[in-house]
Engineer: 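Pasting a structure here, questions to come.
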Number of protein chains: 2
Amino acid sequence: MTAAHRPRRGRPPRGAPQLSRDAIAEAALKLIDVDGTDAVSMRSVARVLGVDAKSLYNHVADKDDLLDAVAEQLLGSMRLPEPVGDVRADLLGIGHAFRRRALEHPRAAPLVLTRQLASFEGLAPVEATLNILRAAGCPTSEAVHLLRGLVATLTGTLLREVQAGPTYGTADAAGIARRRAALEHSGLARVAEAAAELARFDSTAEYDFTLDLILDAVTARLAAYRNDDGAGQTERLSETPQG
Amino acid sequence: MTAAHRPRRGRPPRGAPQLSRDAIAEAALKLIDVDGTDAVSMRSVARVLGVDAKSLYNHVADKDDLLDAVAEQLLGSMRLPEPVGDVRADLLGIGHAFRRRALEHPRAAPLVLTRQLASFEGLAPVEATLNILRAAGCPTSEAVHLLRGLVATLTGTLLREVQAGPTYGTADAAGIARRRAALEHSGLARVAEAAAELARFDSTAEYDFTLDLILDAVTARLAAYRNDDGAGQTERLSETPQG
DNA sequence: ACCTGAACACCGTTCAAGT
DNA sequence: ACCTGAACACCGTTCAAGT
């Protein structure tokens, strides 16, 4: 056995893939896309990178931090549509951008939707949303509450969609029939009555419905704030807004 | 060493805690409440029950099924308030019941909010919600969509709350000041402007705001369906409803 | 500065063997 | 029917030692 055949030691000679937080996140994402979050281990990620598992600790604090890195990368690289000046259309645009992103990496999406990210990777969507709400005449404090309501609704909707997976969709006729039968025999009157509707799930239609629902509420609030013109608020607008 | 001091073999002699899916779920919940979901392992749960880890496989299929059992137990034992006949108040009641439950076991809540439960443990809240919506004159199909919108919003809101934990609350003045400063220097105009509001988080106020927001939308839809009187719908109501 | 060998204290799960 | 011993193929992470 020559030296070349023995496992390397020290820094890689040359041409070896540079290890970095981003490269590690990318390798982990690749594993998640194929085999799910459970397939991520320090060892499996290292294997993808052709490196020893312990080397990762030079770039991420621990496994949790590695998963944060994946979530940050997904959230940070998200592209938002240009606002057109209509509140409803612009918020809808952000909502759809989120969904598009989530569906590009459905198995990684729960990471983004579920983790409490301490970094500032996710601030671009926040800025965009606040901008739309503020331009529509919403005081800062209310804008933050509405933002949080929107985020919660998007989170819940997307989380359900990506976790339901392709099995709970509209395609699997046999599964739908089975669920429907079970619901009809649940002994619960309303559930039985709605069995046909409960058994099937069109995720796009459901997403659009829920987004429409919450945007009804948001735009109604915006109209109310505009009529009030901030009465009783400490926050004031410096100029008459509206895009 | 006498026989009594050697580890047992075969079924426990007597008085030993009966192993069961419920007992296992309960033991796991105890661990989660104290040390979080990560503290759950087949071995740690078995230790709580004074039993070998492999014995658990006689009552749960695997670790995933064990966690499902915890989620089912939490969801199944939830008590819902009696409806009073007012849609908004009754839906609010269900929302608050969910939150109360989640806050009783904050570290276990993500399990319930996140898992795709195949069992029928969670149907009671579904029945209750459908009943409220149907009694208010909502056709079955729309009722299911509204139900899903409500669930998504509650899920997203509660998930954020339990995951934020006590550190991201209103109590930690130093943390708020730190976050605020960071947001002010983010380089994003709207984020900086709203830094004070973004840095703090009153979970009860936020929950109430979001629930209020979505209920505005739901009640507006109900009013619209009532005026339409189901025009263009295949679903019809057998009697004039409204509680 | 970045990598690895050796090592530690864990995991989930199978399967045959006990009672 | 329900339990365990022995065993397998894994984990995350530390720390000293290499280059």
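Please read all numbers here as calculations on a predicted model, not as lab measurements. Below, chain A is the first sequence line, B the second, and so on; all start at residue 1.
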Engineer: Closer than 4.0 angstrom, basic N to acidic O: yes or no for B:Arg180 and B:Glu184?
Structural biologist: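 Yes, this pair counts.
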Engineer: For the pair made of CE in A:Met42 and C1' in D:dT14, what is the distance, rounded to whole Å?
Structural biologist: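 To the nearest whole Å, that distance equals 12 Å.
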Engineer: Please pick, from C:dT4, C:dA7, C:dT13, the nucleotide with the shortest atom-to-atom distance to any side-chain atom of A:Val51.
Structural biologist: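 Among the listed nucleotides, the one closest to the side chain of A:Val51 is C:dT4.
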Engineer: Given atom NZ of A:Lys54 and atom P of C:dA7, what is their separation to the nearest angstrom?
Structural biologist: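 After rounding, the reported distance stands at 12 Å.
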Engineer: Side chains of B:Asn58 and B:Leu19, heavy atoms from C-beta outward: is any pair under 4.5 Å?
Structural biologist: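 SC-SC contact between B:Asn58 and B:Leu19 ruled out.
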Engineer: Expressed as a whole number of angstroms, how long is the span from A:Asp38:CG to C:dT13:P?
Structural biologist: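 A:Asp38 atom CG is separated from C:dT13 atom P by 10 Å.
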Engineer: Across the strands shown, which category fits A:Ser55 at heavy-atom distances under 4.0 angstrom: base, sugar-phosphate, nothing?
Structural biologist: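 Touches a base.
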Engineer: Go through the steps to decide whether B:Leu154 and B:Tyr207 satisfy the test side-chain contact (heavy atoms from CB on, under 4.5 Å), and finish with yes or no.
Structural biologist: CA-CA 8 Å; B:Leu154 288 182; B:Tyr207 188 83; 3.2 Å; yes
Engineer: Using side-chain heavy atoms (C-beta onward) and a distance below 4.5 Å, is B:Leu183 in contact with A:Leu123?
Structural biologist: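 Side chain of B:Leu183 against side chain of A:Leu123, heavy atoms only: contact under 4.5 Å found.
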Engineer: When you measure from every atom of DNA chain C, which of residues 57-67 of chain B have a heavy atom less than 4.0 Å away?
Structural biologist: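 B:Tyr57, B:Asp62, B:Lys63, in order of number.
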Engineer: Out of curiosity, B:Leu146 CG to B:Leu133 CG, how far, rounded to the nearest 0.5 Å?
Structural biologist: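 It is 6.0 Å, given to the nearest 0.5 Å.
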Engineer: Side chains of residues 62-78 of chain B: which donor-acceptor pairs under 3.5 Å do they make with residues two or more places apart or in other chains?
Structural biologist:
{"from": "B:Asp62", "atom 1": "OD1", "to": "B:Asp64", "atom 2": "N", "distance (Å)": "3.3"}
{"from": "B:Asp62", "atom 1": "OD1", "to": "B:Asp65", "atom 2": "N", "distance (Å)": "3.0"}
{"from": "B:Lys63", "atom 1": "NZ", "to": "B:Val40", "atom 2": "O", "distance (Å)": "3.0"}
{"from": "B:Asp64", "atom 1": "OD1", "to": "B:Arg115", "atom 2": "NH2", "distance (Å)": "3.2"}
{"from": "B:Asp65", "atom 1": "OD1", "to": "B:Arg21", "atom 2": "NH1", "distance (Å)": "3.3"}
{"from": "B:Asp65", "atom 1": "OD1", "to": "B:Arg21", "atom 2": "NH2", "distance (Å)": "3.3"}
{"from": "B:Asp65", "atom 1": "OD2", "to": "B:Arg21", "atom 2": "NH1", "distance (Å)": "2.9"}
{"from": "B:Asp65", "atom 1": "OD2", "to": "B:Ala61", "atom 2": "N", "distance (Å)": "2.9"}
{"from": "B:Asp68", "atom 1": "OD1", "to": "B:Arg115", "atom 2": "NH1", "distance (Å)": "2.9"}
{"from": "B:Glu72", "atom 1": "OE1", "to": "B:Arg21", "atom 2": "NH2", "distance (Å)": "3.2"}
{"from": "B:Gln73", "atom 1": "NE2", "to": "B:Asp22", "atom 2": "O", "distance (Å)": "3.3"}
{"from": "B:Ser77", "atom 1": "OG", "to": "B:Gln73", "atom 2": "O", "distance (Å)": "2.8"}
{"from": "B:Ser77", "atom 1": "OG", "to": "B:Arg101", "atom 2": "NH2", "distance (Å)": "2.2"}

Engineer: Is the closest basic N to carboxylate O distance between B:Arg190 and A:Glu127 below 4.0 Å?
Structural biologist: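 Salt bridge: no.
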Engineer: Find the distance A:Asp52:CG to D:dT13:P and express it as a whole number of Å.
Structural biologist: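 It is 14 Å, rounded to the nearest whole Å.
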Engineer: When you measure from the side chain of B:Ser41, which nucleotide among C:dC11, D:dC15, C:dT14 comes out closest?
Structural biologist: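 Selected nucleotide (nearest to the side chain): C:dC11.
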Engineer: From C:dG12, C:dC3, D:dA6, pick the nucleotide closest to the side chain of A:Leu19?
Structural biologist: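 Out of C:dG12, C:dC3, D:dA6, the nucleotide with an atom closest to A:Leu19's side chain is C:dC3.
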Engineer: What's the verdict on side-chain hydrogen bond (donor to acceptor under 3.5 Å, both in side chains) for B:Thr204 and B:Arg99, showing C-alpha distance, side-chain angles and the deciding distance?
Structural biologist: CA-CA 10 Å; B:Thr204 301; B:Arg99 181 164 186 248; 3.1 Å; yes
Engineer: Whole Å only: how far is the CG atom of A:Leu56 from the P atom of C:dC2?
Structural biologist: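 Taking atom P of C:dC2 as the reference, CG of A:Leu56 is at 14 Å.
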Engineer: Pairs counted only when both distances fall under 3.5 Å, Watson-Crick or G-U: show me the 5' to 3' dot-bracket for DNA chain C, [ ] for pseudoknotted crossings and | for other-strand partners.
Structural biologist: ||.|||||...|||||.||
Engineer: Within the 4.5 Å heavy-atom criterion, are B:Glu206 and B:Glu161 side-chain neighbours or not?
Structural biologist: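 Answer no - side chains too far apart.
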Engineer: Just how far, in rounded Å, is C1' of C:dC3 from CG of A:Leu49?
Structural biologist: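 After rounding, the gap between these two atoms is 14 Å.
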